[in-house]
Every structure is written in structure tokens, then in C-alpha cells.
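Right, one structure below, let's go through it.
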Amino acid sequence: MKSLDDYLPIVGEKIIGNIYQKAHRLINKHIVHINSTGQGGGVAEILNNLVLLMNDIGVDTGWRVLLGPVDFFSVTKKFHNALQGGQIDLSTNKKNLYLDTNDRFSKFTHIDHDCVIVHDPQPLPLIKFKRKKQPWIWRCHVDITKPNKEIWSYIKPFILRYDMMIISSKRFKKDDLFLEQRVIHPSIDPLSPKNMDISDDTISKVFKKFGIPTDKPLIAQVSRFDPWKDPEGVLRVFEIVKEKLDCRLVYCYNMAPDDPEGIVIYNKIKKKARRYLERGDVLFVLGDNQILVNALQRKSSVVIQKSTREGFGLTVTEAQWKGTPVVASKIGGIPEQIVNNKTGFLVDPQDIAGCAEKVAMLLKDKKLAKEMGRQGKEFVKDNFLITRHITDYLTLLIDVLNNY
Ligand code: UDP
């Protein structure tokens, strides 16, 4: 099991010492995180790493996953989409399923902790079904820059029951919410199998095992199949780049149990990409293996994140940590994750030609790609490693528990 001390060679004594000092102030405190999936997507990725380290430093931290029927997750995916600006038919049936599932979950989830941290919209109304005995924090990972008005009015009263809301970027601050909104950037774990150093030999073995040829430069997008990740736009970018330079596109994807939309979009994109798929120039690789994701993000010449909405794209940071330049959309939390023209390129999400131009530039100019990769790694080290995230959480917990 990993321990905070393992991070000392990466971040240094000052940061590790500071974490222990803060953790001492939370001794005997018991915290619980609640979200809606144990695997797939960024929240599960973060909790898998964060919860263990919190326990290691002496802050008892638990994790509960909301259980619900498939229909519930179809409804909450619609809520998620509407919160990111999509349309929704907010029927009574949807609202009832949302509330009933949380009500049921509240009956078999006993909460006696000193602080409760609820992630994303799925378990948001749980607070309504519990007698509140401690501070509750809503951690919103969604890009709420332009939510659909109807869904926003519907969920706002649940948010207002909380003591604080955490958002991933200052861009998501809402003027019409009367509670403290604090920015905490998500993070990556440099020692997880997904992000740790691996040898060229390991990369070759993994590529062989998963059938990824390396005779052409690789462009990759590592994402769930989600409309907001714009997999169709990725294909259009690839088509333009491919006309200039021979290369291969890899869609590395996984499915999350709380996102039933994935399979539908996967089938749609596979159909659209058929021509390239048959020639082996577009690959669909199931990324349920951390070392595979690691190898792919490391070996790709460019990683794309063509999202049209994004709270904070972990994949953008993961790729930069591996020294791979990223071309990503200038939306949501992403502009805080890339220093434009230095660690990667930010492009307008509608600008397919502009995105293709930057990808092609990086494929051609290896010196530029290498330098961007180098700077990207430094930038991630200074801003988005898990030790920073732990520090931010400890500071927040000390504040919240002292003031409650
Ligand atoms: N991921 C993975 N395999 C895949 C696709 C994605 O392990 O095939 C991981 C990815 O590496 C990242 C997380 O899932 O750690 C996705 O987080 P992100 O913030 O990029 O997007 P989200 O899915 O939360 O919208």
C-alpha cells in the first residue's frame, strides 16, 4: 500500500511536512465521500487515489457509492448533460426516480461522520433525506458555466442545504448561489500504475498485447464515449491531419456504470470511422487497464482532448505529466490545465481546422513537441499532483470543522 512518504522524492520535504502538520489537526475526525461509481471517469479515479492517502496520514476517510437502478443513471446522465447546457424534459417521473433512489440509499447508508463530501449531481439530494448532524460539502465536478435554466432551478435548493460547494475552476463560480464556493483543482497520482514511470520495454509489450502498431505516429484521445468529449470532432480533426501526414488515431475508451450513454455513442462513432477502421488507421482500444493508458499517453505523439464542456479533464494533466503535448479545447476547466503555446495548445472547440493544424504542427516539429512535453511535466508537478489536492482538502476540512 502506498504511503505519503513515497511522494517525498517527487515533491520534497516542505510539502510532505505541511501535509502532516495539517493532518494532525484532524486526528480522530472521520470523513466520508459519496459518489456514484467506483470505476470509470475522473471522480472514481481521484477517490481511488485520494481516500487511501488520507487514511495513510491519519484522517479516517471512507467512501460510499450510491446504488441505483439503470434508469436512475439514465436520468442522472440527462441531468448531467443539462447542467452542462443540454436540453432536458424535466418530467415528474425523472424527478421521482431521482429522489426515490436517494431516499432508498439514505436508509441503508448510515452516516455518523464528522464531515460528508458528496460528489456530483447523482447523490446531491441525499442531504434532504438525512438528519444533518455535521457539515456537508457538495463537490461539483461538472462544467456549470452555462447550465440549462430548468435543471439549475431544480437542483439549486438541494445545493443550498450544503455548507459549502467545491468547484474545479473559478470559471464555475455562480453569483446566484448563497453559500461559499471554493476552488479545488483535481489532481493526478504520479505513483499510480496509470502515471508512474514505465520503461520502453514495458510500453512495447503492452502495445503488442493490445494490438497497437507503432509504425506511424499516434494521436490519441483517452475518454469515455460522451457527447461532451466530442469524439466525432476528433475524427474530423484526424481526417484533416491524415491528409497532410500519415498517422493513426487511437480512441482509448472505457465505460462507467453511471454513464449508460457510452455504448450508444461508441457504436455511432465506430460506424462513422469504418473506412479508417478497416485499414487499421483508427483503433478503438478498451482502456480498462491502467498500464495501457499509461503507455498510450506516453507513446502518443499528441494527445487530444476535444471536449465541448469539461469540469477538469484529468486526461489533459495525465498526458502532460508524461511529457506528451496536448491539444485541447479552450473550455471549462481546461484553460487552467494548459499554458497555451507553452505546455500545449488551446483551441476553440468549434475550430476543427485550427485543432488539426496544431496537431499536425506537433507531429512535424518533434523539437517543439519535446519542449512542450518538458514544460508540461513541470507545470503538472507544480500544480496538479495529488499532494496539492490533499493539502487543499485538509485546509478546507480544518476550516469547515472549526467553523461548524
Ligand atoms: N480513463 C481510463 N481509460 C479509458 C478512458 C479514460 O482509465 O479508456 C480514465 C482517464 O485516464 C482519466 C479518467 O478516466 O483518469 C477520466 O477523467 P476525466 O477527468 O478526463 O473525464 P471524466 O470521465 O471524468 O469526464
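Ligands are counted one by one from 1 in listed order, and the atoms in each one are counted from 1 as well. Residue indices begin at 1 and follow the sequence shown. All heavy atoms count here, side chains included; hydrogens, waters and symmetry mates do not.
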Begin with the C-alpha distance, continue with both residues' side-chain angles, and end with the deciding distance and a verdict on side-chain contact (heavy atoms from CB on, under 4.5 Å) for Val234 and Phe238.
CA-CA 6 Å; Val234 172; Phe238 170 71; 5.5 Å; no

Side chains of [X] and [Y]: do they bring a donor and an acceptor to under 3.5 Å?
| X | Y | value |
| --- | --- | --- |
| Asn102 | Lys128 | no |
| Trp63 | Asn35 | yes |
| Gln305 | Thr315 | yes |

A cation-pi test, strictly: NZ or CZ of Lys174 under 6.0 Å from the centre of the six-membered ring of Trp152 and no more than 45 degrees from its axis. Yes or no?
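Judged by the rule, Lys174 and Trp152 form a cation-pi pair.
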
Please confirm whether Lys94 makes a cation-pi placement over Phe79, using NZ or CZ under 6.0 Å from the six-membered ring centre and within 45° of the ring normal.
no

Residue shell around ligand 1, heavy atom under 4.0 angstrom:
Gly41, Gly42, Glu45, Lys194, Val222, Ser223, Arg224, Lys229, Cys252, Tyr253, Asn254, Gly287, Val293, Glu310, Phe312, Gly313, Leu314, Thr315, Glu318

